[in-house]
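Note sheet for the following structure.
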Protein chains: 2
Amino acid sequence: MTDQTDLRLTPQRMAVLEVLRAAHDHPTAAEVYEQVRRTSPRIGSATVYRTLALLVSTGQALELSLGGGAAARYDANTCRHDHAVCEGCGRAVDLDHPVPDGMMAEIARRSGFAITGYDLQFRGICPDCQAQGAGSIRVGGPASPQ
Amino acid sequence: MTDQTDLRLTPQRMAVLEVLRAAHDHPTAAEVYEQVRRTSPRIGSATVYRTLALLVSTGQALELSLGGGAAARYDANTCRHDHAVCEGCGRAVDLDHPVPDGMMAEIARRSGFAITGYDLQFRGICPDCQAQGAGSIRVGGPASPQ
DNA sequence: AGTGATACTGAGATTCGTTCTCAAATGACG
DNA sequence: CGTCATTTGAGAACGAATCTCAGTATCACT
């Protein structure tokens, strides 16, 4: 992965990318796998994981780690954007609210880091979950803790 | 965990909290476990995990999911603060740079979410890693991908 | 077309972090 | 001192992700 001299666009890779592009709900690798199997029943999970990692490393997909022990989620929308994660149902919705320009420069100056990017996630209760009783949200976290 | 009527401050819990308070490097659960064993050799890892989760749920510790397949890290500094994660060595340093007040209100208004908080992590190369050749950072991610 | 080199795949095993199970231990309190 | 809920520790179990490796597909070149 560090020194790809030749990258092939195989049917499997196309299938994964297609599924990811078609999905708008930030699927996990397992969900992508399940979906891809409908059209390519012989594909292996390793291939899906490999392809996802490849897409991320070539900038064609984003990997979201939405906290907790939850599985990583993937997003074909590669424009800079953030997410709001619902503490009730675990879903994530897209936001496009840029972090103020000066902020990154400020952080870089203070920390000495060469900043290459950032991940920003808001936590809260989505409108749906608010509707069905925000008071009854289980304390343990999102719907699928593990 | 949802309805604790009686919470005991056991020696094990004190030991975990002590270790976490003494550590300033955002240890993983495994690191906390290893450290706690020096003073309480008979403690089990389950207890450490349980206690860590308990501390998080009672607001006495923060859980950081620093992306990738990396293990969760814990932080006894419960004041609102963010982190810069080094893509070279995987370490995280504290930052205290508040997100502008108006921003959360703005997000809440646009998304319809009842925002309860946020997680902000900057990615970059720490001064140390910059010094020893920032060009040679492995592409796959932090030092210990999994 | 034929050949060798290289990249890719799929199945299953493996690793690792984390949670679960359950009997035994502990602590609180009358 | 007895009771009862809480907590503990050992190990099993789990799920996500990665690794291994033999087999397959594709490329470059003749």
Side-chain angles (χ1 to χ4, degrees), chain A residues 1-17 26-34 36-37 39-58 61 63-74 90 138 140-146, chain B residues 1-17 26-34 36-37 39-58 63-74 90 138-146:
Chain A
M1 199 187 296
T2 54
D3 198 315
Q4 292 290 359
T5 55
D6 180 22
L7 269 183
R8 293 178 190 168
L9 186 52
T10 65
Q12 290 90 340
R13 289 177 179 176
M14 287 180 63
V16 170
L17 188 51
H26 312 91
T28 62
E31 285 162 359
V32 172
Y33 175 45
E34 194 181 336
V36 171
R37 279 222 282 186
T39 54
S40 315
R42 299 196 38 74
I43 200 171
S45 63
T47 300
V48 173
Y49 277 96
R50 273 186 300 234
T51 303
L52 252 12
L54 190 64
L55 291 176
V56 169
S57 80
T58 59
E63 188 190 61
L64 323 176
S65 329
L66 303 183
R73 291 176 175 273
Y74 294 86
R138 48 225 144 298
S144 54
Q146 146 85 272
Chain B
M1 203 185 303
T2 53
D3 198 314
Q4 292 290 359
T5 54
D6 180 22
L7 268 183
R8 292 179 193 167
L9 186 51
T10 64
Q12 290 90 340
R13 287 177 181 174
M14 287 180 63
V16 169
L17 188 49
H26 312 90
T28 62
E31 284 161 0
V32 172
Y33 176 45
E34 195 181 335
V36 170
R37 280 222 282 185
T39 54
S40 315
R42 297 194 39 74
I43 200 171
S45 63
T47 301
V48 172
Y49 278 97
R50 272 185 300 233
T51 304
L52 252 12
L54 190 63
L55 291 175
V56 169
S57 80
T58 59
E63 189 191 60
L64 323 176
S65 329
L66 303 183
R73 290 174 176 275
Y74 295 86
R138 48 225 145 298
V139 179
S144 57
Q146 149 87 264

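In what follows, every chain begins at residue 1, and chains take the letters A, B, ... in the order their sequences are listed. Not measured: the values here are computed from a predicted model.
Nearest to the side-chain atoms of Q12(B) among the listed nucleotides dT9(C), dA11(C), dG9(D) stands dG9(D). Relative to the side chain of Y49(B), the nucleotides dT18(C), dT18(D), dT9(C) differ in distance, and dT18(C) lies closest.
Residues Y49(B) and A29(B) come closest through the heavy atom pair CE2-CB, 3.4 Å. Nearest heavy atoms, G44(B) versus Y33(B): C-CE1, 3.7 Å.
As a whole-Å value, the separation of L52(B) CG from dT18(C) P is 9 Å. Straight-line distance from the CE atom of M14(A) to the P atom of dT26(D): 13 Å, rounded to whole Å. E34(B) places its CD atom 17 Å from the C1' atom of dT18(C), with the value rounded to the nearest Å. Rounded to an integer number of Å, the gap from L7(B) CG to dA5(D) P is 16 Å. A straight line from CD1 of I43(B) to C1' of dG11(D) spans 16 Å, rounded to a whole angstrom. Atom CZ in R13(A) sits roughly 12 Å away from atom P in dT26(D) (whole-Å rounding). Between the CG atom of L54(B) and the P atom of dT18(C) there is a distance of 17 Å, rounded to whole Å. Going from atom CG of L55(B) over to atom P of dT7(D) covers 13 Å, rounded to whole Å.
Residues L54(B) and V16(B) form no side-chain contact, since every pair of their non-hydrogen atoms from C-beta on lies 4.5 Å or further apart. With a 4.5 Å cut-off on side-chain heavy atoms, H26(B) and Y74(B) do not count as touching. Counting heavy atoms from C-beta outward, T51(B) and L55(B) have side chains that approach closer than 4.5 Å.
For the atom pair R8(B) CZ and R13(B) CZ, the distance stands at 9.0 Å (nearest 0.5 Å). In this structure, L17(B) CG and L52(B) CG are separated by 10.0 Å, a value rounded to the nearest 0.5 Å.
Using a 4.0 Å heavy-atom distance criterion, A30(A) is classed as making no nucleic acid contact.
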Take nucleotides 21-30 of chain C nucleotide by nucleotide from the 5' end and write B, S or -, depending on whether a protein heavy atom sits under 4.0 Å from the base, only from the sugar-phosphate, or from neither. B----BB---
